[in-house]
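Below is one structure, written out as structure tokens; the observations come after it.
Labels below follow one simple rule: chain letters A, B, ... track the order of the sequence lines, proteins then strands, and each chain is numbered from 1. The structure presented is a predicted model; accordingly, all values stated were derived computationally and were not measured.
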Number of protein chains: 2
Amino acid sequence: MTREPKGNPVVLDAAARAVLQIFWDKSDEARALDEMRCPVRDILDRVGDKWTLLILIALSRAPQRFSALQRAIGDISKRMLTQSLRTLERDGLVSRQVFPTKPPSVEYALTAMGESSLVPVVALVSWASAHHDAIRASRRLYDTLETAPL
Amino acid sequence: MTREPKGNPVVLDAAARAVLQIFWDKSDEARALDEMRCPVRDILDRVGDKWTLLILIALSRAPQRFSALQRAIGDISKRMLTQSLRTLERDGLVSRQVFPTKPPSVEYALTAMGESSLVPVVALVSWASAHHDAIRASRRLYDTLETAPL
DNA sequence: CGGGGTGGTCTACTTTTGAGACCATAGGCC
DNA sequence: GGCCTATGGTCTCAAAAGTAGACCACCCCG
């Protein structure tokens, strides 16, 4: 069995690969320390929150109020919207301002840091739209093979 | 109350902002069609899977076998690892090859498309490590204010 | 001949999420 | 004057998803 020499096609340059080393660093020592959790895991817990990125994108054009956000995203429950916004606020990506109108309205906006997070988000969305067709094709193929009669 | 004119600080250029329009496009018409789901939602469902990105990163250096992956990630259950790998395989980001050794071993590797996904992932991780300190500082501040005595 | 490593699956148990009721207030409509 | 709407949430309960760990068949190593 001549296994191909391990290694993937080269797409990333050395600097880019170095960035991903952060992930492996944590494996060595910082595993137990929550305080010193590697940024990868820490931030991926946010990004890995289904709604976080959606909220960031929804706020990318302009500040929005709570219910406008809910309408924009569509299928998010109030509960998760509240929770995600709180987390985002705590992390300093989103600001929350209450206007003492008759029924008080609350406006959420990206902070400077939140705005800066859009840069990688755009990269992600670009990649997603560029490969969406290929992915859907791959899924169809996979499902066909799985369902295929023996 | 002089509300600031709506709009966020300018960080993204016009092209980048155009990319994010994809999100709003879906709101108009494709809302009901699962088949035509906008790429944003579709791919964010993957990214929004807590483990997907971690697996991609773990595979970024070299192909890995199932149990090596589990050890690398650490706190993922077999169940979720299996499930996430299947999804990734179905989406065409990861390939699965079985070697008929004594106890059969299975090697997972990034496909070309999977490799290309590392580009935005690197962007994300870069951003994460660059802002990790600021985020933790923001959390501390937030928690202090919340816990503060009236 | 027992223990460990292979890649998973299956079955509980636990945590997270979603759907919807509820709240106080006020404005517009008729 | 009533009624419905909208505001931003919180609360509760049911459903969905995730975790932990047993189990499996197989073989090598000691």
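- The distance between atom CZ of A:Phe99 and atom C1' of C:dT25, rounded to the nearest whole Å, is 19 Å.
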Short heteroatom pairs, N/O only, protein and nucleotides 18-20 of chain C, under 3.5 Å:
none

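- Computed from coordinates, the A:Gln64 CD to D:dG8 C1' distance equals 15 Å when rounded to whole Å.
- Closest to the side chain of B:Arg71, out of C:dT6, D:dT7, C:dT9, is C:dT6.
- The closest donor-acceptor contact from the side chain of A:Thr111 to the backbone of A:Gly92 lies under 3.5 Å.
- B:Ser116 pairs by the side-chain hydrogen bond (donor to acceptor under 3.5 Å, both in side chains) definition with A:Trp127, A:His131, not counting sequence neighbours.
- Partners of A:Arg86 under the side-chain hydrogen bond (donor to acceptor under 3.5 Å, both in side chains) rule, at least two apart in sequence or in another chain, do not exist in this structure.
- Between the CG atom of A:Asp49 and the C1' atom of D:dG18 there is a distance of 15 Å, rounded to whole Å.
- In this model, the phosphate group of C:dG8 is not approached by any side-chain N or O of B:Thr82 to a distance below 4.0 Å at OP1 or OP2.
- When the side-chain contact (heavy atoms from CB on, under 4.5 Å) test is applied to A:Val122, the partners found at least two apart in sequence or on another chain are A:Ser126, B:Leu12, B:Ala16, B:Val19, B:Leu20.
- Residues meeting the salt bridge (charged side-chain N to carboxylate O under 4.0 Å, His left out) test with B:Arg139, sequence neighbours left out: A:Asp42, A:Asp91.
- Remark: A:Ser105 is not in phosphate contact with D:dT7, judged by side-chain N or O atoms under 4.0 Å from OP1 or OP2.
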Query raised in the report: What string of B, S and - do you get for nucleotides 25-30 of chain D 5' to 3' if you count protein non-hydrogen atoms under 4.0 Å?
Result: --S---
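- A salt bridge links B:Asp133 with B:Arg136: the closest approach of a Lys/Arg side-chain nitrogen to an acidic carboxylate oxygen falls below 4.0 angstrom.
- You'll find that the side chain of A:Arg96 is closest to D:dG8, out of C:dT6, C:dT9, D:dG8.
- By the side-chain contact (heavy atoms from CB on, under 4.5 Å) test, B:Ala68 is found to be paired with B:Gln64, B:Arg71, residues two or more places apart in sequence or in another chain being considered.
- Of the inter-residue distances, the one linking A:Ile43 atom CD1 with B:Leu124 atom CG reads 9.0 Å to the nearest 0.5 angstrom.
- Judged purely by atom type and a 3.5 angstrom limit, B:Ser138 has no side-chain atom pairing as donor or acceptor with the backbone of B:Ala134.
- For B:Ile73 and D:dT19, the CD1 to P distance is 11 Å, given to the nearest whole Å.
- The distance from atom CZ of A:Phe66 to atom P of D:dA6 is 15 Å, rounded to the nearest whole Å.
- Under a 3.5 Å cut-off, the side chain of B:Arg61 and the backbone N or O of A:Gln21 do not form any donor-acceptor pair.
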Within the sub-3.5 Å range, which N or O atoms of nucleotides 1-5 of chain D have a protein N or O partner, and how far apart are they?
none

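- Spacing between atom CG of A:Leu81 and atom P of D:dT7 amounts to 12 Å, rounded to whole angstrom units.
- Rounded to an integer number of Å, the gap from CD of A:Gln83 to C1' of D:dC11 is 14 Å.
- Between A:Arg46 and A:Asp49 there is no salt bridge, since no side-chain nitrogen of the basic residue lies less than 4.0 Å from a carboxylate oxygen of the acidic one.
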